[in-house]
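Heavy atoms only: backbone and side chains are in, while hydrogens, waters and symmetry mates are out.
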Amino acid sequence: MRGTADKESAKGSEGRTLNVFSHGMLVLWAVMVVMPLLWAVMTSFKDDKSIFTSPWSPPTSLNFDNWARAWSQAHMSDYFFNTLIVVGGSLIGTMLLGSMVAYVLARFDFPGNRFFYFLFIGGMSFPIILALVPLFYVMSNTGLLNTRHGLILAYIAYSLPFTTFFLTSFFRSLPTSVAEAAIIDGASHTRTFFQVMLPMAKPGLISVGIFNFLGQWNQYMLPTVLNTDPDQRVLTQGLVELAASQGYKGDWSGLFAGLVMAMLPVLAAYIIFQRQVVAGLTAGALK
């Protein structure tokens, strides 16, 4: 009895040690992630002199002029508007097409089903940099170069493989009895998909939607190659332009204000939908 108690005590002590170590690593990781974000926000309210003389101290006064200057003079408002249009259109198109393809691949058996499924998986492993030159000429020949709708189509093609792969696994985890009951009641496949299966897949849709939003909002390579018109630039291009156009002026406070402007929508989206993201990632395993 004493030997068993000693073993249980040793296991409990080992578990507590491992628990303390894992929590310590998580706290360290959180500090490493949060501190640069807080420092960027804090620096966006400083003047240029304070950024270099006291980089780690909080600002003595909140200089909202930095934000106003970045928004108007640096044309961040135009870049923000272009990004909202491009990312909004591409996100809707990606989620609609990706969910429809994933539902068909997950629920219907037809010749070539596995081939198309693995074709989308192969698209995830294909480096986008290898397609930039042919994609540039294709979009140039079709009149889609330097246009918002052309960039939207490129974003959709870029995000579709991952969306299809993620949602195919999620649709396979959903119960088939509800869809079969809808078909028996006379619902068409289209109505069954939009009114029955799509609402059931809401956690997965939100999860993959957040990932697509993050990837498309932070995309730099595709707009740099396919969107060279200064009036059509998105936020990532605008930040690079803001940093390059400073020259010897050194408007670092305006640059940090523009950086925080580009960062806030991403943080807000994740904070608002963090529960849905976790639920979507674990739903397939729980089912």
Side-chain angles (χ1 to χ4, degrees), residues 83-126 128 131 148-219 222 265-266 268-270 272-287:
T83 305
L84 285 178
I85 293 178
V86 172
V87 174
S90 60
L91 190 61
I92 293 174
T94 300
M95 298 306 299
L96 179 62
L97 295 177
S99 60
M100 294 172 68
V101 173
Y103 177 73
V104 171
L105 293 177
R107 292 294 182 176
F108 297 95
D109 292 327
F110 56 90
N113 182 296
R114 303 300 295 173
F115 170 77
F116 288 110
Y117 177 70
F118 286 112
L119 187 65
F120 280 102
I121 293 179
M124 295 173 55
S125 60
F126 186 81
I128 190 61
R148 293 193 186 114
H149 53 279
L151 198 58
I152 289 174
L153 293 177
Y155 277 20
I156 292 175
Y158 171 77
S159 305
L160 201 57
F162 170 74
T163 304
T164 303
F165 169 74
F166 187 97
L167 291 180
T168 299
S169 302
F170 195 87
F171 276 119
R172 285 175 179 168
S173 68
L174 297 179
T176 60
S177 57
V178 179
E180 293 173 352
I183 295 295
I184 293 174
D185 290 340
S188 62
H189 290 293
T190 302
R191 185 176 180 182
T192 301
F193 170 72
F194 283 104
Q195 295 187 0
V196 178
M197 302 305 296
L198 210 58
M200 293 176 61
K202 181 180 177 181
L205 293 173
I206 293 178
S207 297
V208 74
I210 291 296
F211 289 128
N212 284 330
F213 174 75
L214 296 177
Q216 294 174 5
W217 187 272
N218 296 322
Q219 180 60 240
L222 284 176
V266 176
Y270 185 77
I272 293 173
F273 296 105
Q274 59 178 333
R275 293 182 180 272
Q276 288 83 351
V277 171
V278 175
L281 292 175
T282 57
L286 295 177
K287 290 178 184 298

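- For the atom pair CZ of Arg107 and CG of Asp109, the computed distance is 11.0 Å after rounding to the nearest 0.5 Å.
- Relative orientation of the Phe166 and Phe162 rings is tilted, given thresholds of 30° and 60° on the angle between their planes.
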Using atom types as modelled, flag every donor-acceptor pair under 3.5 Å from a side chain in residues 112-120 to any protein atom, sequence neighbours excluded.
{"unit_1": "Asn113", "atom_1": "ND2", "unit_2": "Leu105", "atom_2": "O", "d": "3.2"}
{"unit_1": "Asn113", "atom_1": "ND2", "unit_2": "Phe108", "atom_2": "O", "d": "2.7"}

Can you give each donor-acceptor pair under 3.5 Å made by side-chain atoms of residues 183-204, sequence neighbours left out, with the distance rounded to 0.1 Å?
{"unit_1": "Ser188", "atom_1": "OG", "unit_2": "Arg191", "atom_2": "N", "d": "3.2"}
{"unit_1": "Arg191", "atom_1": "NE", "unit_2": "Gln195", "atom_2": "OE1", "d": "3.0"}
{"unit_1": "Thr192", "atom_1": "OG1", "unit_2": "Ser188", "atom_2": "O", "d": "2.8"}

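- In terms of heavy atoms, Ser99 sits closest to Phe171 at O-CE1, 3.5 Å.
- We find the CG-CD1 distance between Leu151 and Ile156 to be 10.5 Å, quoted to the nearest 0.5 Å.
- In this structure, CG in Leu214 is found 6.5 Å from CG in Asn218, a value given to the nearest 0.5 Å.
- For Ile152 against Gly89, the heavy-atom pair with the smallest separation is CG2-C, 3.8 Å.
- Judged as a side chain to side chain donor-acceptor pair (under 3.5 Å), the pairs with a partner in residues 159-168 (not counting sequence neighbours) are, in order, Ser159-Gln216, Thr163-Asn212.
- Scored by the side chain to side chain contact (heavy atoms under 4.5 Å, CB included) test, Ser177 finds Pro175 as partners (sequence neighbours excluded).
- Nearest heavy atoms, Ala106 versus Arg172: CB-CG, 3.6 Å.
- With sequence neighbours left out, the side chain to side chain donor-acceptor pair (under 3.5 Å) criterion links Arg148 to Asn82, Gln232.
- Trp217 approaches Pro265 most closely through the heavy-atom pair CZ2-CG, 3.6 Å.
- When all heavy atoms of Ala157 and Pro161 are compared, the closest pair comes out as O-CD, 3.4 Å.
- Across Leu160 and Thr94, no two heavy atoms sit closer than the pair CD1-O, 4.0 Å.
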